[in-house]
Visitor: 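Sending over a structure as structure tokens; questions will come in a sec.
A, B, ... follow the sequence lines: proteins, then strands. Residue 1 opens every chain.
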Number of protein chains: 2
Amino acid sequence: MELRHLRYFIAVAEEGHIGRAATRLHISQPPLTRQIQQLEEELDVQLFIRTPRGMDLTPAGELLLEEARNIRSVVEQAAERTQRAGQGKLGRLDIGIFGSAILDTIPAILLKFRNDFPEVKVVLHNMGKDAQIAALRQRRIDLGFNRFLDPLEDIVNEIVLTEKLLIALNEQHPLAGQPAVPFSVLQENPLIVFPVGPRPSFIDKVMHMCHQKGFAPHVAQEVGNTLTGVALVASNFGVCVVPESATKLALPGVVYRPIIDPPADSGADLNCIYRSDDPSPLLESFLTTVRTFGEQWVTSYP
Amino acid sequence: MELRHLRYFIAVAEEGHIGRAATRLHISQPPLTRQIQQLEEELDVQLFIRTPRGMDLTPAGELLLEEARNIRSVVEQAAERTQRAGQGKLGRLDIGIFGSAILDTIPAILLKFRNDFPEVKVVLHNMGKDAQIAALRQRRIDLGFNRFLDPLEDIVNEIVLTEKLLIALNEQHPLAGQPAVPFSVLQENPLIVFPVGPRPSFIDKVMHMCHQKGFAPHVAQEVGNTLTGVALVASNFGVCVVPESATKLALPGVVYRPIIDPPADSGADLNCIYRSDDPSPLLESFLTTVRTFGEQWVTSYP
DNA sequence: CATCTTGATACTTTTTTAGTATCAAGGAAT
DNA sequence: ATTCCTTGATACTAAAAAAGTATCAAGATG
């Protein structure tokens with residue numbers, strides 16, 4: 001039995017007439033007669049009672065009509081869903097997230113993506129960068145967000161956007177009243193750095209910038225994450241370099257100030273990583289969203 | 001798209017290998033390659049990633065695999081259900097019932113039928129014989145049970161079984177102690193007859209027998225149904241002729257006795273009626289049950 | 001009774017599907 | 001590096017299936 005048999009059967013059942021059904025199907029009457037006979041023969045069931053006025057369904061035929069209509073719609077839906085999946089509009093995307101990017105950027109990207117592709121289920125996994133790479137290779141996630149990643153052969157590393165760096169100061173600090181501060185505040189104040197964890201990380205970025213400017217900073221404290229660093233600034237423990245998205249952490253007693261004289265290459269990249277051989281159109285859809293987001297974001301911040 | 005495409009697709013997806021799938025499908029490899037290409041082309045979706053080791057499903061392919069398996073089972077079930085319906089094992093049968101046959105015979109037949117064809121839904125409609133004929137013609141019922149029906153052109157009238165006639169006597173009656181009674185008790189006692197309603201009926205049967213025996217009975221009372229007639233016997237109102245299934249009505253004070261000298265053609269037929277042009281295999285199944293029941297029943301009663 | 005309509009059938013043509021032989025490309029083993 | 005083996009893809013041929021044409025027999029209809 002093929003779907004053709006069911007298509008033909010539905011037409012004959014609905015028209016109650018082989019000739020009219022043939023017209024509707026754009027074929028001639030004899031082949032339609034034969035296909036119906038074939039269907040009856042294969043099922044070994046009489047589906048129609050032939051009368052001089054047309055074709056009447058038997059009870060078995062009535063039942064098959066219902067079933068055939070159901071099959072038709074199931075097949076149609078299957079085709080549509082497959083097509084949408086092929087266009088990256090339907091399916092599931094597992095994403096690894098990590099670090100300070102969770103504060104601002106990633107929620108905004110996800111919001112936009114869910115809006116554009118409402119039928120894609122996005123599952124977030126909180127995991128460090130090494131865990132992300134392992135999960136990518138094991139296909140447990142399709143994409144990861146992180147920073148400061150060494151290049152890898154089998155994994156593409158794409159910059160989503162580059163955040164400017166700000167200095168977090170306690171409001172009691174002498175320069176807190178200024179609209180911007182010189183880089184040298186990092187030399188003259190105890191420095192809080194983060195995150196503790198796998199290298200390279202944001203710590204190395206900050207240290208490298210200081211060496212570029214010709215000094216070694218006084219590291220007062222290493223902390224696990226952005227929030228802890230900013231919290232220490234709030235208690236006047238020292239100063240701290242943060243990406244601009246950290247301004248979302250509006251802790252009382254902390255002000256964020258741009259750097260008057262930033263060193264070259266001063267900026268914190270947010271990267272996304274994915275398998276270089278991943279053909280998923282769903283991933284492609286997501287990357288499109290990410291890229292347009294990156295462009296808009298860069299221009300939107302002064 | 002045809003079911004063939006889905007069958008082939010499932011095989012390739014499950015084997016992950018065109019060659020092995022072709023072996024499993026008992027075809028050669030090239031046509032299978034082309035059918036898969038055709039499916040991808042028609043859906044405009046890449047379903048497999050070709051590797052030097054075989055065929056890997058894309059996410060869209062994974063989805064279609066689920067859908068295709070579902071379609072396969074839906075189609076299989078549709079075919080099976082249609083076949084069972086064609087064999088009269090699945091469906092709905094509307095039956096009109098009426099009169100004293102409800103007491104014993106019909107429940108027994110239904111019990112047997114439900115046992116043999118558990119997937120057939122039987123709907124009973126209580127209606128008189130004229131209503132049954134009308135309902136048959138309007139296709140509201142498929143079969144009716146009744147007695148004493150005039151022959152009709154478009155409706156088959158089949159005898160289910162012939163019940164012997166008994167005489168119901170009050171236990172105070174002089175002949176109540178005898179194992180059997182002569183027909184003449186109907187002449188010598190007030191007679192209760194039933195049912196009141198459309199003619200011909202059981203009343204005419206009884207009157208005809210009396211005339212055969214050369215007397216006109218003294219009709220003490222006409223009543224609506226068997227139960228009322230027997231109830232009058234219980235209060236010693238008179239005697240009553242009943243079909244043997246009425247013995248199920250074990251009213252206190254009433255005894256049932258066979259007739260020593262029954263007139264020729266003494267017996268109450270239970271008939272079933274159905275459209276002569278009804279091709280329903282379901283009806284055929286039911287009639288088979290009815291016929292075997294009739295044979296067994298006749299031999300089972302002394 | 002002639003006529004019209006119905007689905008069925010015999011036969012032919014076209015389309016589709018399957019089969020055969022062969023190929024190019026990517027791993028694996030030497 | 002090179003040979004060999006495996007993979008799916010392709011060109012061409014053969015077979016099968018579906019569709020088309022012409023015609024028929026059987027009921028309904030006037």
Side-chain angles (χ1 to χ4, degrees), chain A residues 1-58 60-61 64-65 68 153-154 275-279, chain B residues 1-58 60-61 64-65 68 153-154 275-279:
Chain A
M1 181 165 56
E2 293 293 336
L3 291 177
R4 177 174 14 83
H5 292 113
L6 297 180
R7 284 194 300 272
Y8 288 6
F9 169 75
I10 291 172
V12 175
E14 286 179 351
E15 298 288 343
H17 193 288
I18 290 244
R20 281 197 295 275
T23 307
R24 178 169 130 183
L25 294 165
H26 303 109
I27 60 172
S28 60
Q29 172 255 317
L32 184 53
T33 294
R34 249 168 307 133
Q35 292 290 320
I36 296 294
Q37 289 172 338
Q38 212 172 322
L39 182 61
E40 289 184 321
E41 206 169 309
E42 185 178 338
L43 293 176
D44 196 27
V45 167
Q46 190 181 353
L47 300 170
F48 293 100
I49 297 161
R50 278 73 168 173
T51 78
R53 287 178 315 287
M55 312 273 279
D56 289 345
L57 282 170
T58 62
L64 184 61
L65 179 56
E153 181 62 30
D154 55 340
R275 288 184 295 279
S276 47
D277 66 342
D278 191 337
Chain B
M1 182 165 56
E2 291 294 337
L3 291 176
R4 178 175 14 81
H5 292 113
L6 297 180
R7 284 194 301 272
Y8 288 7
F9 170 76
I10 290 172
V12 175
E14 286 179 352
E15 298 287 344
H17 192 290
I18 290 244
R20 281 197 295 275
T23 307
R24 178 169 132 184
L25 293 165
H26 304 109
I27 60 171
S28 61
Q29 171 256 317
L32 184 52
T33 295
R34 248 168 307 130
Q35 292 289 322
I36 296 294
Q37 289 171 339
Q38 212 173 323
L39 182 61
E40 289 184 321
E41 206 169 309
E42 184 178 337
L43 294 176
D44 197 27
V45 167
Q46 191 181 351
L47 299 170
F48 293 100
I49 297 161
R50 277 72 168 174
T51 78
R53 288 178 313 286
M55 311 273 280
D56 289 346
L57 282 170
T58 62
L64 184 61
L65 178 57
E153 181 61 31
D154 55 342
R275 289 184 294 278
S276 48
D277 67 341
D278 191 338

Visitor: Using a cut-off of strictly less than 4.0 Å, decide whether A:Gln38 has a side-chain nitrogen or oxygen near OP1 or OP2 of D:dA18.
Guide: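 Checking D:dA18 against A:Gln38, a side-chain N or O does come within under 4.0 Å of OP1 or OP2.
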Visitor: B:Glu2 has an atom CD; how far is it from atom P of C:dT17, in whole Å?
Guide: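 Rounding to the nearest Å, CD of B:Glu2 and P of C:dT17 are 8 Å apart.
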Visitor: In whole angstrom, give the distance that lies between atom CE of B:Met1 and atom P of C:dT17.
Guide: 14 Å
Visitor: Do B:Gln29 side-chain atoms and B:Ala22 backbone N/O form a donor-acceptor pair below 3.5 Å?
Guide: no
Visitor: Calculate the interatomic distance between B:Glu15 atom CD and D:dT7 atom P; express it in whole Å.
Guide: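 The answer, rounded to whole Å, is 12 Å.
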Visitor: Decide yes or no for A:Leu47 and A:Met55: does some side-chain heavy atom of the first lie under 4.5 Å from some side-chain heavy atom of the second?
Guide: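 Sidechains of A:Met55 and A:Leu47: no contact.
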Visitor: Counting side-chain heavy atoms from CB outward, which of C:dT17, D:dA18, C:dG19 is closest to B:Ile27?
Guide: C:dG19
Visitor: Could you tell me whether the side chain of A:Leu32 reaches within less than 4.5 Å of the side chain of A:Val12, counting heavy atoms only?
Guide: yes
Visitor: Quick one: which protein N/O atoms are closer than 3.5 Å to N/O atoms of nucleotides 6-9 of chain C? Pair and distance per line, please.
Guide:
unit_1, atom_1, unit_2, atom_2, d
C:dT6, OP1, A:His17, NE2, 2.5
C:dT6, O5', A:His17, NE2, 3.2
C:dT6, O4', A:Pro52, O, 3.2
C:dG7, OP1, A:Ile18, N, 2.8
C:dA8, OP1, A:Arg50, NE, 2.8
C:dA8, N7, A:Gln29, NE2, 2.8
C:dA8, N6, A:Gln29, OE1, 3.0
C:dT9, OP2, A:Gln37, NE2, 3.1

Visitor: Would you check if the side chain of A:Glu2 reaches a backbone N or O of B:Glu2 as a donor-acceptor pair within less than 3.5 Å?
Guide: no
Visitor: Tell me the interatomic distance from B:Glu41, atom CD, to C:dT16, atom P, rounded to whole angstroms.
Guide: 13 Å
Visitor: Nearest whole angstrom, please: distance from the P of C:dT20 to the CG of B:Leu32.
Guide: 15 Å
Visitor: Output all residues satisfying ring pair (Phe, Tyr, Trp, His ring centres under 6.0 Å) with B:Phe9, sequence neighbours left out; order by chain, then residue number.
Guide: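 Partners of B:Phe9 by the ring pair (Phe, Tyr, Trp, His ring centres under 6.0 Å) criterion, ordered by chain and then number, come out as B:Phe48.
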Visitor: Please report the interatomic distance CD(B:Glu40) to CD(B:Gln38), rounded to the nearest 0.5 Å.
Guide: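 These two atoms lie 11.0 Å from each other.
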Visitor: Kindly check if the number of other-residue, nucleotide or ligand heavy atoms within 6.0 Å of CZ (B:Arg24) is above 12?
Guide: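 It does: B:Arg24 CZ has more than 12 such atoms within range.
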Visitor: Return the CG to OG1 distance between A:Leu65 and A:Thr58, rounded to the nearest 0.5 Å.
Guide: 10.5 Å
Visitor: Can you list, by residue number, the residues of residues 3-10 of chain B that have a non-hydrogen atom closer than 4.0 angstrom to DNA chain C?
Guide: B:Arg4, B:Tyr8
